[in-house]
Amino acid sequence: MTTNDSSFEVSTDQSRLDIPMIYRFLSEQSGWAVGIARPLVERAIENSLCFGAYLDGRQVGFARVVTDFATYAHLADVFVVHEYRGHGYGKQLVAAVLRHPSLQRLRRFTLATTDAHSLYERFGFTTPRQPENLMERYFPNIYLS
């Protein structure tokens, strides 16, 4: 799958993923997975639908979706490396994720963000209609212990 920028491409081919780069970003810079162990990153990738974002063949972004491919999906670990931000690559990456044929007609598509609400609102994400119906178990510092 290619976006409108001919040098920018989004692919779901897991063999192309730069696992060391993804691990470094998540474990050192992400803000949501700092300290995560590499085997956990690898297991998450193996068990998710992953999207690599590439500029001139070099991976500059990543996103993964946890899904049953029928009713529900959760978008996670979305990032563009710092030196490539501000060029619209994040928007193109999210658009490619949401266009994926296996992610159509899902009843619920969720994500969590602390600072990118305006990005996701462009794609129809909103606060939950009935937040009182949602629950979670959340351990924000689990990777640091």
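In this text the structure is predicted, and so the values were computed from the model without any measurement. We're numbering straight along the sequence, starting at 1.
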Chi angles and distances behind the side chain to side chain contact (heavy atoms under 4.5 Å, CB included) call for Ile22, Arg24: CA-CA 6 Å; Ile22 295 167; Arg24 273 192 313 278; over 6 Å; no

Ser11 vs Asp13, side-chain hydrogen bond (donor to acceptor under 3.5 Å, both in side chains): CA-CA, chis, key distance, verdict: CA-CA 5 Å; Ser11 172; Asp13 181 353; 5.0 Å; no

Check against side chain to side chain contact (heavy atoms under 4.5 Å, CB included), Thr113 and Tyr120: CA-CA 9 Å; Thr113 184; Tyr120 297 113; 4.1 Å; yes

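Note that NE2 of His117 and CG of Leu111 are 8.5 Å apart. Values are rounded to the nearest 0.5 Å. Separating the NZ atom in Lys91 from the NE2 atom in His87 is a distance of 11.0 Å, to the nearest 0.5 Å.
Between Val81 and Met21, the closest side-chain pair of non-hydrogen atoms falls below 4.5 Å. Side-chain contact between Leu144 and Val34: present, with at least one pair of heavy atoms (C-beta onward) separated by less than 4.5 Å. Asp77 is listed as a side-chain neighbour of Trp32, based on a closest heavy-atom distance under 4.5 Å.
In the hydrophobic cluster analysis, where Ile, Leu, Val, Met, Phe, Trp and Tyr join through side-chain heavy atoms closer than 4.5 angstrom, Val65 is grouped together with Ile19. Val66 and Leu93 fall into different hydrophobic clusters, defined by Ile, Leu, Val, Met, Phe, Trp and Tyr side-chain heavy atoms under 4.5 Å apart, directly or through other members. Tyr138 and Ile142 are members of different hydrophobic clusters when ILVMFWY side chains are connected at heavy-atom separations under 4.5 Å.
Between Phe125 and Phe109, the ring planes are perpendicular. Angles over 60° get that label, and only those under 30° would be called parallel. Between Tyr72 and His74, the ring planes lie parallel to each other; the angle is under 30°, not in the 30° to 60° tilted range.
Pro131 approaches Pro128 most closely through the heavy-atom pair CD-O, 3.2 Å. In plain terms, the two heavy atoms of Val80 and Arg85 that are nearest each other are O-NE, 2.6 Å.
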Side-chain donor-acceptor distances from residues 35-63 under 3.5 Å, at least two apart:
unit_1 : atom_1 : unit_2 : atom_2 : d
Arg38  : NE     : Glu42  : OE2    : 2.7
Asn47  : ND2    : Arg43  : O      : 2.9
Ser48  : OG     : Ala44  : O      : 2.7
Ser48  : OG     : Arg64  : NH1    : 2.8
Tyr54  : OH     : Arg16  : O      : 3.3
Arg58  : NH1    : Tyr84  : OH     : 2.7
Gln59  : OE1    : Asp18  : N      : 2.7
Gln59  : NE2    : Gly61  : O      : 2.9

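In this structure, the side chain of His100 engages the main chain of Ser102 through a donor-acceptor pair within 3.5 Å. Looking only at distances, no side-chain donor or acceptor of Glu121 sits under 3.5 Å from a matching main-chain atom of Ala116.
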